[in-house]
There are 2 protein chains.
Amino acid sequence: MFQLSKKVEYALIAIRHMVSGGKGKIYTTKEIADRYQLPYELLAKIMQKLSKQGFITSYQGVNGGYMLVHNPAEMKVADIIHTIEGKPAVTIVQCESSSLEECSIHTTCTIKNPLIKLQSNLNKVLDELTVMEMF
Amino acid sequence: MFQLSKKVEYALIAIRHMVSGGKGKIYTTKEIADRYQLPYELLAKIMQKLSKQGFITSYQGVNGGYMLVHNPAEMKVADIIHTIEGKPAVTIVQCESSSLEECSIHTTCTIKNPLIKLQSNLNKVLDELTVMEMF
DNA sequence: TGGATATACGACTATTCCAGTCCTATTTCA
DNA sequence: TGAAATAGGACTGGAATAGTCGTATATCCA
């Protein structure tokens, strides 16, 4: 139920790798995929997303790769999840996401409002965890 | 990523319904399914699981149904999830579950240990939430 | 005692999501 | 100009989820 997807795992592994190697260094996707035996194409897409979102900067062409932008303490795991998954890390109730109309049982659903508190509690835990803590 | 399954949603709706109606009353699956427009057969299986686990007691035959056993404050949402899903609510890292051998990248995986703490934090949040809080 | 109503439960189907792959384009350097 | 890198869309296979179907069993009561 509450489990990280492979994509997020790979993203965390990659970022952690880049952090541990120093901030000014450029890393290629291939290098990281080889090092941790991750599927190259999948990792490539993950790196693209991280880059688009500004966690890392990309350099194309020969000798290109990715470079870390932020300090570990500035990268929240919640934001990384959001970036990779394309939606907030925690959306506890399925009908929560959007307008009430989209939930077929919204008129009779009794659990939505009470669970909002759970959602915010989970969010708090994820917001407090930065890449810094992963060492 | 962190979202309740339909089954768990239905379980919570059903339990909340039974709580709000009083403890000594018997409710049928059909009654609850109709009230909240939930698929009957699916809800039936959920009720069976809740019954097997002792959250509710079942009465077969005519005039049968289910009756609440515990007080709202005694029912942890985490336990309900575990019952319905058949596994702990939080298993944050996929390779975490069992012996290290089963994780293909365990020798190089750098994120597992740091995330154990996240797991316990999430567990704490879920353990503190009882059905009582859902009102 | 038989029919109606309820739970019990296994098997099956459909759909959605996830992980991974494939292919092509673009950028950059030497 | 060719090699090495990112960029990104399209596709596939498999697993998990949601939902359905069929049958057995228990119980009540007319």
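What you see is a predicted model, and the numbers here were worked out from it, not measured in a lab. Excluded from the calculations below are hydrogen atoms, water molecules and symmetry mates; all remaining heavy atoms, backbone and side chain alike, are included. So that the names make sense, note that chain A is the first sequence line, chain B the second, and so on, each numbered from 1.
- Across B:Gln3 and A:Thr91, no two heavy atoms sit closer than the pair CG-O, 3.1 Å.
- Heavy-atom nearest nucleotides on DNA chain D were determined for A:Gln48 and for A:Met1, and the one closer to the 5' end corresponds to A:Gln48.
- In terms of position along DNA chain D, the nucleotide closest to A:Ala44 lies nearer the 5' end than the nucleotide closest to the other residue of the pair B:Val8 and A:Ala44.
- Put simply, the side chain of A:Leu126 does not reach to within 4.5 Å of the side chain of A:Leu122, judged on heavy atoms.
- Here D:dG2 presents its C1' atom at 17 Å from CD of A:Gln60, a figure rounded to the nearest Å.
- At a cut-off of 3.5 angstrom, counting only N and O atoms as typed in the model, there is a donor on one side and an acceptor on the other between the side-chain of B:Lys45 and the base of D:dT20.
- Rounded to a whole Å, the CD atom of A:Gln3 is 9 Å from the P atom of D:dT17.
- Residue-to-nucleotide proximity on DNA chain C shows that, of B:Tyr40 and A:Leu4, the 5′-proximal contact is made by B:Tyr40.
- Between B:Ser51 and C:dT7, a side-chain N or O to OP1/OP2 separation shorter than 4.0 Å is absent.
- Rounded to whole angstrom, the span from the CD atom of A:Glu9 across to the P atom of C:dA19 amounts to 9 Å.
- Atom CD in A:Glu85 sits about 12 Å away from atom C1' in C:dA19, given to the nearest Å.
- In the set C:dT28, C:dA19, D:dC21, the nucleotide with an atom closest to the side chain of B:Glu41 is D:dC21.
- Nearest to the side-chain atoms of B:Val62 among the listed nucleotides D:dT27, C:dG20, D:dA5 stands D:dT27.
- Rounded to whole Å, the distance from CE on A:Met47 to P on D:dA4 is 19 Å.
- Separating the CD1 atom of B:Ile56 from the C1' atom of C:dT7 is a distance of 11 Å, rounded to the nearest angstrom.
- C:dC9 atom C1' lies 12 Å from atom NZ of B:Lys49, rounded to whole Å.
- B:Leu43 places its CG atom 14 Å from the C1' atom of C:dA8, with the value rounded to the nearest Å.
- Nearest to the side chain of B:Lys52, among D:dA3, C:dA6, C:dC9, sits C:dC9.
- A donor-acceptor pair under 3.5 Å is formed between the side chain of B:Gln119 and the backbone N or O of B:Ile92.
- Distances shown here put every side-chain N or O of B:Asn63 at or beyond 4.0 Å from the OP1 or OP2 atom of C:dA6.
- Within the 4.0 Å cut-off from OP1 or OP2 of C:dT7, not a single side-chain nitrogen or oxygen of B:Tyr27 is found.
- With B:Lys49 contributing its side chain and B:Ile84 its backbone, the two residues share a donor-acceptor pair below 3.5 Å.
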For a quick test of your reading: what N or O donor-acceptor pairs under 3.5 Å do the side chains of residues 17-31 of chain A make, sequence neighbours left out?
residue : atom : partner : partner atom : Å
A:His17 : ND1  : A:Tyr36 : OH           : 2.8
A:Ser20 : OG   : A:Arg16 : O            : 3.4
A:Ser20 : OG   : A:His17 : O            : 2.9
A:Lys23 : NZ   : A:Asn71 : OD1          : 3.2
A:Tyr27 : OH   : A:Gly21 : O            : 3.4
A:Thr28 : OG1  : A:Glu31 : N            : 3.1
A:Lys30 : NZ   : A:Asp34 : OD2          : 3.0
A:Glu31 : OE1  : A:Thr28 : N            : 3.2

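- Counting only N and O atoms by type, the side chains of B:Glu133 and B:Thr130 include a donor and acceptor under 3.5 Å apart.
- In terms of phosphate contacts, A:Ser58 brings no side-chain nitrogen or oxygen within less than 4.0 Å of OP1 or OP2 of D:dA5.
- With distances taken from any side-chain atom of B:Leu42 to the nucleotides D:dA18, D:dT27, C:dA19, the minimum falls on D:dA18.
- Dashed line: the shortest gap from a side-chain N or O of B:Tyr10 to OP1 or OP2 of D:dG19 is under 4.0 Å.
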